[in-house]
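Reviewing the structure listed below.
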Amino acid sequence: MPTNPEHVRVRFAPSPTGLLHIGGLRTALTNYLFARHHGGTLILRIEDTDRARFIEEAEADILHSLSWAGITVDESPQRGGPFEPYRQSERSESYARAAAVLVESGHAYLAFDSADEIEQLRQRHRSESNPNPRYDLETRLEMKNSLSLSAEEVSVRLERGDAHVVRLKVEPGQSLAFTDLIRGDVEFQSDTIDDQVLVKSDGLPTYHLANVVDDHAMQITHVIRGEEWLPSTPKHILLYRAFGWTAPVMAHLPLILSPSGGKLSKRSAERAGIPVSVAEYIKSDYEPEAVVNFLALLGWNPGSEKEFFTLEELVEAFSFDRVGQAGIQFDLDKLKWFNEHYLRGKTASELVPRARIELEKVGIQCDNARLEDVIDLMRERISFVKELVNSPYLFADPTDYDARSVSKRWKEDSSKLVTDYADAIAELPEFTVEALEEALRALADENGVGAGRIIHPVRLAVSGISHGPGLFELLHVLGKESCVRRMFTAAEVLGE
RNA sequence: GCCGCGUUCGUCUAGGGGUUCAGGACGCCGCCCUUUCACGGCGGUAACACGGGUUCAAAUCCCGUACGCGGUACCA
């Protein structure tokens, strides 16, 4: 068992309540980079203590998302490890034991209040100046708990099997300070925090208890998580103190904001066209390298002007010194730019399987060799692999001709020039890019017109539109028969 | 409301008291390349929230205000 305090041990601890959020992947990535940078250990712990929100498929989605991004973990429910099990639902006894210790030592107490009674407490104290009354040292004596009830009453209730929770007994006047790796010194006063529920009435622990118990048991040295956890850190500090344990070093990452400001919620993200779950990025055909690179640069900068990083390079360069503290707006354009970059860096054969999936979705047939040619033709013109299907002319004869392009490019002599060119290339001994161009320029000379006078109508004839890859490369990929056929068809359809 | 955390171009950021009338990237605009559209190259646009201090000197340090964000659950 690793007991060397110098050995970095961090954990990514998602809750299986749905598809892994892009912000969750960022947290996982940061943990990964920090662990690998220090030659440490990354643990995946599934925090499934919320039965109401539990989703069966979520764990598989988390695993799939991490592996898609190239994030490997060392200890997990699947890989096992020295601190098994790695699912909190399987560690219930240790939380129950821990809670008993706290009650025993007076750091926690039992509370029998129903949801209704708590709601009444809130209503009782709610006012303009106190919109969210707490269950805390001010109010706990008004409630039914082992602090307000007699010992007899408590044991009667317990024997009767009354539902109850365990609450943290927060003592007044304590300073709860810690040094955050990203924010520096942070201090809270115990008077401002409530008697947090540690064990729910279903017997399962809340995040706060489970998290502290497990981080200690698993010898976690650094807790790296989102800033939304910053306000609950003092509660955790209180728990570490109550147990007599040393708290891990904390690092609270700035939150990812939606472009309109505010948390990147499902709604705000969708409005901005931003995928929220990693599954959507996978489905939308993002390059994982692009997402990783982009995510790493959210709130962190390498201190140089380098912007493209492989995972290995990120591991090498990562440091908390260069993590910012302010929330970061999600910039979809920048992500797209990264995606284009990584797309261009991939070979056609690498991209073929993914392209094929997209083609199949819309029922396009195409053999591999041809598909590779198409990818080479289009790679610099698309942002995502799936955009290949937006150019159907690459796979089939155009069914119509863009009206604006026709009026701009199809002149009175186009029909003749295009068919003449079709005749010329039909005769070509070698259907090469060079020969194709030579033939066209020769034809232009013969007719005393500029090459563009033929090039544009030909493009329109074979593709139905007026923009796209270099014409001769396009013709070459399309093949002789197809080109000739398309040109004659266009001449017939568009006429004079 | 209370508690906490923030605040440099539209966005991500560099910058840690003088060498910065603030550098890079995305976006946007223009030019070049060019048969189109892209790619690429070049150039341009645009920021230290505000007010007080401290100091010879502040984007940089301190305080306050404003604004933003997070938390304020038997959710994580």
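Protein chains get the first letters and strands the later ones, always in sequence-line order, with residue 1 at the start of each. Values below: all heavy atoms of this structure, side chains included; hydrogens, waters and symmetry mates excluded.
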Looking across every strand, which nucleic acid part, if any, lies under 4.0 Å from A/Arg126 by heavy atom: base, sugar-phosphate, or nothing?
-> nothing

Begin from the C-alpha positions of A/Leu176 and A/Ile193 and carry the test side chain to side chain contact (heavy atoms under 4.5 Å, CB included) through to its verdict.
-> CA-CA 10 Å; A/Leu176 301 165; A/Ile193 70 182; 3.9 Å; yes

Of the nucleotides B/C69, B/C75, B/C26, which one has an atom closest to the side chain of A/Leu257?
-> B/C69

For B/A14, give its Watson-Crick or G-U wobble partner with both distances under 3.5 Å, or none.
-> none

Would you indicate which nucleotide in B/G70, B/C26, B/A76 comes nearest to any side-chain atom of A/Trp337?
-> B/C26

What nucleic acid atoms does A/Glu340 come within less than 4.0 Å of, heavy atoms only: base, sugar-phosphate, or nothing?
-> nothing

Contact class for A/Gly450 (heavy atom, under 4.0 Å): base, sugar-phosphate, or nothing?
-> nothing

For A/Lys408 and B/U35, what is the distance between atoms NZ and C1' respectively, to the nearest whole Å?
-> 12 Å

Against the side chain of A/Asp331, the closest entry in B/U35, B/U11, B/A76 is B/U11

For B/U34, the Watson-Crick or wobble counterpart (both distances under 3.5 Å) | none

Answer with base, sugar-phosphate or nothing: what part of the nucleic acid does A/Tyr207 contact at a heavy-atom distance below 4.0 Å?
-> base

P-based separation of B/C39 from B/G30 [nearest Å] = 14 Å

Candidate nucleotides B/U72, B/G6, B/G1, ranked by approach to the side chain of A/Gln325 - the nearest | B/G6

Does OP1 or OP2 of B/U35 have a side-chain N or O of A/Arg409 closer than 4.0 Å?
-> no

Taking only residues two or more places apart in sequence or in another chain, which ones pass ring-ring contact (aromatic ring centres under 6.0 Å, His included) with A/His341?
-> A/Phe308

If we take the C1' atom in both B/U8 and B/C3, what is their distance in whole Å?
-> 28 Å

Could you state the atom-to-atom distance from CZ of A/Arg225 to C1' of B/C5 in whole Å?
-> 14 Å

B/C12, B/G1, B/C3: which one has an atom nearest the side-chain heavy atoms of A/Asn132?
-> B/G1

Please check the phosphate of B/G71 (OP1 and OP2 only) for any side-chain N or O of A/Lys235 closer than 4.0 Å.
-> no

Whole-Å C1' distance, B/G18 and B/G27 | 34 Å

Nearest to the side chain of A/Ser129, which nucleotide is it out of B/G1, B/G6, B/C26?
-> B/G1

So which nucleotide from B/C39, B/C74, B/G4 ends up closest to the side chain of A/Ile118?
-> B/C74

Hey, is A/Asp194 close enough to A/Arg167 for a salt bridge, meaning N to O under 4.0 Å?
-> no

Just by distance, with hydrogens left out, do A/Asn130 and A/Ser127 show a side-chain donor and acceptor under 3.5 Å apart?
-> no

Counting just side-chain N and O atoms, does A/Arg441 come under 4.0 Å of either OP1 or OP2 of B/U35?
-> yes

Any side-chain N or O of A/Thr49 less than 4.0 Å from the OP1 or OP2 oxygen of B/A76?
-> yes

Could A/Glu287 and A/Arg344 be called an ion pair, given the rule that one side-chain N must be under 4.0 Å from one carboxylate O?
-> no

Just to confirm, is there a sub-4.0 Å distance from OP1 or OP2 of B/C75 to any side-chain nitrogen or oxygen of A/Lys200?
-> yes

Would you indicate what A/Gly299 reaches in the nucleic acid, counting non-hydrogen atoms under 4.0 angstrom: base, sugar-phosphate, or nothing?
-> sugar-phosphate

Could you give me the CA-CA distance, side-chain angles and deciding distance for A/Phe294 and A/Phe330, then say whether ring-ring contact (aromatic ring centres under 6.0 Å, His included) is met?
-> CA-CA 10 Å; A/Phe294 172 73; A/Phe330 194 105; 5.1 Å; yes

For atom C1', what is the distance between B/A59 and B/C21, given to the nearest Å?
-> 13 Å

Distance, C1' atom - from B/G24 to B/A49, rounded to whole angstrom = 23 Å

Which base sits across from B/G43 as a Watson-Crick or G-U pair, both distances under 3.5 Å?
-> B/C29

A/His467 side chain, from C-beta outward: closest of B/G71, B/C69, B/U36 | B/U36

Going by atom types alone, do A/His164 and A/Ser146 pair a side-chain donor with an acceptor below 3.5 Å?
-> no

Integer-rounded Å distance: B/U35 P and A/Asp445 CG | 14 Å

Decide, yes or no, whether a salt bridge links A/Asp162 with A/Arg157 under the criterion of side-chain N to carboxylate O below 4.0 Å.
-> yes

Which whole number of Å gives the distance between the C1' atom of B/C12 and that of B/C61?
-> 26 Å

Quick one: label A/Gly468 by what it contacts on the DNA or RNA (base, sugar-phosphate, nothing), any heavy atom closer than 4.0 Å.
-> base

Specify the glycosidic conformation (syn or anti) of B/C39, with syn defined as within 90° of 0.
-> syn

A/Asn211 near the nucleic acid: base, sugar-phosphate alone, or nothing, with a heavy-atom cut-off under 4.0 Å?
-> nothing

Under a 3.5 Å cut-off for both distances, is B/U55 Watson-Crick or wobble paired, and to whom?
-> none

Tell me: CD of A/Glu305 to P of B/A25, nearest whole Å?
-> 7 Å

RNA chain B nearest-nucleotide lookup for A/Glu307 and A/Gly184: closer to the 5′ end is A/Gly184

Presence of A/Arg404 side-chain N/O under 4.0 Å of B/U36 phosphate oxygens OP1/OP2 | no

Mind checking who B/C75 pairs with, Watson-Crick or G-U wobble, both distances under 3.5 Å?
-> none

Does B/G64 pair with anything, Watson-Crick or G-U wobble, both distances under 3.5 Å, and if so, with which nucleotide?
-> B/C50

Complementary nucleotide for B/C69 - Watson-Crick or wobble, under 3.5 Å | B/G4

A/Tyr207 versus A/Asp50, side-chain donor and acceptor atoms under 3.5 Å = no

So does A/Asn301 get a side-chain nitrogen or oxygen closer than 4.0 Å to the phosphate oxygens (OP1/OP2) of B/A14?
-> yes

Nearest of B/G1, B/C74, B/C5 to any side-chain atom of A/Ser201?
-> B/C74

Rounded off to whole Å, could you give me the CZ-to-P distance for the A/Arg459 and B/A38 pair?
-> 12 Å

A/Arg134 side chain, from C-beta outward: closest of B/G70, B/C74, B/U72 | B/U72

What's the NZ-P distance between A/Lys334 and B/C12, to the nearest Å?
-> 10 Å

Roughly how many Å is it from CD in A/Glu227 to P in B/G71, rounded to a whole number?
-> 9 Å

Rounding to the closest angstrom, what is the interatomic distance between B/U55 and B/G43 at atom C1'?
-> 40 Å

Please check the phosphate of B/C74 (OP1 and OP2 only) for any side-chain N or O of A/Arg167 closer than 4.0 Å.
-> yes

Can you check whether A/Arg486's main-chain N or O pairs, donor with acceptor, with A/Asp397's side chain at less than 3.5 Å?
-> no

Would you mind classifying the nucleic acid contact of A/Pro469 as base, sugar-phosphate or nothing, using non-hydrogen atoms under 4.0 angstrom?
-> base

Quote, to the nearest angstrom, the C1' distance that separates B/U45 from B/G51.
-> 30 Å

For atom CZ of A/Arg322 and atom C1' of B/A25, their distance in whole Å | 15 Å

